[in-house]
Amino acid sequence: MPLSAPPAEQAKDSALYQEVLHFYARQMRSLDEGEVADWAGTFTEDGVFRANAHPQPQEGRAAILRGATEANRKLVEQNVQRRHWLGMLQVSRNPDGSLTAHTYAQIIATPQGGKAGLELSCSCEDLLVREDGRLLVRHRQVYRDDLPRS
Amino acid sequence: MPLSAPPAEQAKDSALYQEVLHFYARQMRSLDEGEVADWAGTFTEDGVFRANAHPQPQEGRAAILRGATEANRKLVEQNVQRRHWLGMLQVSRNPDGSLTAHTYAQIIATPQGGKAGLELSCSCEDLLVREDGRLLVRHRQVYRDDLPRS
Amino acid sequence: MPLSAPPAEQAKDSALYQEVLHFYARQMRSLDEGEVADWAGTFTEDGVFRANAHPQPQEGRAAILRGATEANRKLVEQNVQRRHWLGMLQVSRNPDGSLTAHTYAQIIATPQGGKAGLELSCSCEDLLVREDGRLLVRHRQVYRDDLPRS
C-alpha cells in the first residue's frame, strides 16, 4: 500500500480527528478567556468533570459552570492568564457511536507583568458524544501528573 | 448523525485545517532555524506584524525581514535556540475568502549547554490569504500574556 | 482558487498528515506509560534511534526495547512521570514512498508530589515507512537543543 493512499476509512477518521482538535481549541480557549457559559456549553447537560485533584466530581452543566465561574474569579483577582494546551490526541470510536479521546494537557500561567510558567502537566480522558451535530463532552477525567491516579 | 460521518463541509474544512497546521509548522521552523528570507516569504508583500510588545508594527515584507534578521543575529550571538510552538488552532472563513486563524503560542528558549525554558506564552490572531495556491499571512497580531492587550 | 477548495492532492495529504499526528500520539504515550514493548513495536525490526545526546545509536528493535526498558526503570524508581510532546509537524514524501517527518519535541517531567517542569526541548527527524498498513519508524534522529548538532 503506497503511503500516499491511506484507506478510505482513514480519510473519514481524518475529518473526525481534525474535528476533535478544533473542538478542543474552541473549548479550552473559552475557559481561558473567561467565557464560562460557552465552556459549560461544551459539556452535555448531564456532563461530568472528574479530576484526581478533586475529591468530588462536578456533575451536570450547572455544577461545571459554577466551578469555572469560581476559578475564573480567582484568576481575574490574581491577574493571571491561564492557557490550557491539549495535545497528543488519540481518538477511538466506541460501539455505541460515542468517542473516547485521550490527550496530554499543559496548563501555562502568566501573571500580568510576570513570567510565564508551566503550572501543571496532566493527561485527560474524554467521552464525547454528538448532539444536534455538535461534539460535547459527556465525561471528562483529568489526571494531574503530580498526584496519585486515584 | 453518527459520529463516524461528519458532514461533507466538515471534510473540506478538515483539509483546510490541516493545511494551516502544516503552514505554521513550516513558517515557525523557518524563523527558528534562522531562514529569515523564507520566514518573510510567508507574509504577503504588504503583510503586517503587530505585537502588544512593540509600539510600532512591522509593515511590509521588507520590514518583517529586517526585524527577523536582527532578532536572529542576537540569538546567534547569545547561542540560544528558540522554538515557537503554535497550537490550539481555530480557523474560520471570512466572507471575502480570507481566513482568520487563532492560536496559542509558546516560545521556548534553550541556551547551548544550558536549560530549556518557557520564555513567553502568547495568543496570536492571523489573517491568511491564498496567493498562487499558497497560504500567506496578511496580518498577524501577537499578544504576549504578560503584557496589556493594547 | 478559493480558500475553501484545497486541491484534491491536498485532501489526500490531509489524511496522511492526520495519520502521522495520530501515530505520534500513540507512540509517545506508549513510551510515557511504560509500555515499552508497544514503543519498540513502533519501529521497524531494523529501526535505528539516534540522538545527539548519545554517542552510540540504538540499532534494531531489540536495542530500542532495552534502551526504553532501562530508561523506564529509572523513571519508576524516581517516581517521575514524563510526557513527550511532539508538535509543529511537517511531512514530506520521498521518491521511494517513505515519509520524512520533522517535529519539535518537549519533554516534560513531573515528580510525584512535585512540580512539572520542561526538561528538554528538541527537534526530531523521522523516516517513516508503512508495513502491513501501519506506519513505523525506520530511522529517528533527535537533536537536543542544548547540545551541538553532531
Side-chain angles (χ1 to χ4, degrees), chain B residues 9 11-33 79-89 91-94 96-101 103-119 128-135, chain C residues 1-22 24-25 52-53 82-93 99-109 115-126 142-150:
Chain B
E9 184 62 18
K12 270 191 290 177
D13 278 352
S14 178
L16 186 61
Y17 188 89
Q18 172 276 325
E19 189 184 3
V20 177
L21 285 179
H22 212 167
F23 169 75
Y24 283 140
R26 279 192 301 269
Q27 183 192 42
M28 301 315 298
R29 183 181 282 261
S30 69
L31 181 62
D32 293 335
E33 302 287 354
N79 218 352
V80 166
Q81 177 65 59
R82 265 186 162 185
R83 301 279 173 204
H84 287 77
W85 288 63
L86 298 190
M88 304 304 281
L89 170 67
V91 180
S92 59
R93 297 182 199 173
N94 303 313
D96 66 357
S98 64
L99 297 179
T100 298
T103 48
Y104 287 177
Q106 292 184 31
I107 305 180
I108 292 175
T110 311
Q112 191 61 207
K115 185 85 186 66
L118 175 61
E119 195 169 281
L128 302 174
V129 295
R130 196 182 294 277
E131 289 185 3
D132 300 325
R134 297 172 55 229
L135 292 179
Chain C
M1 188 187 318
L3 276 164
S4 54
E9 183 63 16
Q10 179 72 37
K12 268 191 291 178
D13 277 351
S14 178
L16 187 60
Y17 188 89
Q18 172 276 325
E19 188 184 3
V20 177
L21 285 179
H22 213 166
Y24 283 140
N52 64 342
R82 265 185 160 185
R83 300 280 173 205
H84 287 77
W85 287 63
L86 298 190
M88 304 304 281
L89 170 67
Q90 289 180 272
V91 180
S92 59
R93 296 183 202 173
L99 298 178
T100 298
H102 290 88
T103 48
Y104 287 177
Q106 292 183 31
I107 305 179
I108 292 175
K115 185 87 185 64
L118 175 61
E119 194 170 280
L120 291 171
S121 169
C122 306
S123 69
C124 182
E125 180 175 338
D126 277 354
V142 178
Y143 298 104
R144 276 174 45 177
D145 284 338
D146 58 323
L147 299 178
R149 275 237 147 189
S150 52

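In the text below, chain A, chain B and the rest are named by the order of the sequence lines, each starting its count at 1.
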key: Minimum side-chain heavy-atom gap C:Q106-B:Q106 below 4.5 Å   =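 Yes. Closest side-chain heavy atoms under 4.5 Å.
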inquiry  = When you compare the side chain of B:E19 with that of C:S14, does any pair of heavy atoms fall below 4.5 Å?
reply    =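 The answer is no, as the side chains (C-beta and beyond) never meet within the 4.5 Å cut-off.
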Under 3.5 Å donor-acceptor, B:H22 side chain and C:V91 backbone =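 Answer holds: yes.
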inquiry  = Has B:R29 got a side-chain atom pairing as donor or acceptor with C:T103's backbone, closer than 3.5 angstrom?
reply    =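 Yes; at least one donor-acceptor contact below 3.5 Å.
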Which atom names give the shortest non-hydrogen contact between [X] and [Y], and what distance separates them?
| X | Y | value |
| --- | --- | --- |
| B:T110 | C:S121 | OG1-CB, 3.6 Å |
| B:A25 | C:Q90 | CB-CG, 3.7 Å |
| B:Q112 | C:D146 | OE1-O, 3.4 Å |

request  = Can you measure from CG (C:L89) to CD (B:Q18) and round to the nearest 0.5 angstrom?
outcome  =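 Output value for this atom pair is 9.0 Å.
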inquiry  = Distance check, rounded to the nearest 0.5 Å: C:E119 atom CD versus B:K115 atom NZ?
reply    =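 Spacing of CD (C:E119) from NZ (B:K115) equals 6.5 Å.
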task = Start with the C-alpha gap between C:Y104 and B:D32, add the side-chain angles, then the distance that decides, and say whether side-chain contact (heavy atoms from CB on, under 4.5 Å) holds.
result = CA-CA 11 Å; C:Y104 287 177; B:D32 293 335; 2.7 Å; yes
request  = Go through the atoms of B:E131 and report whether side chain, backbone, both or neither lie under 4.5 Å from a heavy atom of chain C.
outcome  =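 Interface part for B:E131: neither.
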key: Region of B:L118 in contact with chain C, defined by heavy-atom distances below 4.5 Å   =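 For B:L118, backbone heavy atoms alone lie under 4.5 Å from chain C.
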Audit row: B:L21, C:L21, side-chain contact (heavy atoms from CB on, under 4.5 Å) steps and yes/no = CA-CA 11 Å; B:L21 285 179; C:L21 285 179; 4.3 Å; yes
